[in-house]
Amino acid sequence: MAKNNTDFFQKVYEVVRQIPYGKVSTYGAIAKAIGAAKSARTVGYAMNASHQHEDVPAHRVVNRNGVLTGKHHFPGTLVMQQMLEAEGIEVKNDQIINFEKHLWIPEVQRD
DNA sequence: GGAGTGACGCGGC
DNA sequence: AGCCGCGCCACTC
């Protein structure tokens, strides 16, 4: 069945890695993409370990409200925001402007 | 091995 | 339309 928790993390990284430049995604969208719509919370948890991965743009992942909820976990408080702005995404008060316009929904990952 | 926690989401009030 | 509370899943103590 290959339903090991390790695979879950791997899937999360795969999806996040597919986020194109200048785009952002949500935990819920990623969770759904990997077939675990109810595990949005766990997706965020996986992002913690994503720090040991360099191909995982965790800064492009925000909550469904378009708020940089995970910015506190970055080495700098404004690092996440700066990275998004560098990609052409406007961020105001830890929230992405025109979030829907920058929102990118990943395709469902199937085994 | 039970209980708590967390980078979330949604329904109810 | 904003605030509160519950659910869900993986992980740690």
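Values below: all heavy atoms of this structure, side chains included; hydrogens, waters and symmetry mates excluded.
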same_hphob_cluster([X], [Y]) at 4.5 Å side-chain heavy-atom cutoff:
{"X": "L103(A)", "Y": "M80(A)", "result": "yes"}
{"X": "F74(A)", "Y": "Y27(A)", "result": "no"}
{"X": "I30(A)", "Y": "W104(A)", "result": "yes"}

Original post:
Got a donor-acceptor contact below 3.5 angstrom from the R60(A) side chain to the I19(A) backbone?
Top reply: yes

Send over the distance from [X] [atom1] to [N] [atom2], rounded to a whole Å.
{"X": "N48(A)", "N": "dT12(C)", "atom1": "CG", "atom2": "P", "answer": "11 Å"}
{"X": "N65(A)", "N": "dC3(C)", "atom1": "CG", "atom2": "P", "answer": "12 Å"}
{"X": "Y27(A)", "N": "dC8(C)", "atom1": "OH", "atom2": "C1'", "answer": "17 Å"}
{"X": "K32(A)", "N": "dC9(C)", "atom1": "NZ", "atom2": "P", "answer": "15 Å"}
{"X": "M47(A)", "N": "dC9(C)", "atom1": "CE", "atom2": "P", "answer": "19 Å"}

**OP:** Using the heavy-atom set of chain A and a strict 4.0 Å cut-off, write down the first and last nucleotide of DNA chain B that makes it in, 5' to 3'.
**Re:** dG6(B) to dC10(B)

Subject >> Between H59(A) and E87(A), a side-chain donor and acceptor under 3.5 Å >> reply: yes

Subject >> The single option from L78(A), V62(A), V79(A), V91(A) passing side chain to side chain contact (heavy atoms under 4.5 Å, CB included) against K71(A) >> reply: L78(A)

Using a cut-off of 4.0 Å on non-hydrogen atoms, how would the nucleic acid contact of [X] be classed: base, sugar-phosphate, or nothing?
{"X": "N63(A)", "result": "sugar-phosphate"}
{"X": "H51(A)", "result": "base"}
{"X": "A46(A)", "result": "nothing"}

**OP:** Using a 4.5 Å cut-off on heavy atoms from C-beta on, say whether the side chain of R17(A) contacts that of V56(A).
**Re:** yes

**OP:** For residues L68(A) and L84(A), determine if any side-chain heavy atom of one lies less than 4.5 Å from a side-chain heavy atom of the other.
**Re:** yes

Subject >> Watson-Crick or G-U stems of DNA chain C, 3 or more pairs, under 3.5 Å, by first number >> reply: B:2-6 with C:9-13, B:8-13 with C:2-7

Subject >> Residue K32(A) excluded, over 12 heavy atoms near NZ under 6.0 Å >> reply: no

Original post:
Is any N or O donor-acceptor pair between the side chain of T42(A) and the base of dC9(C) shorter than 3.5 Å?
Top reply: yes

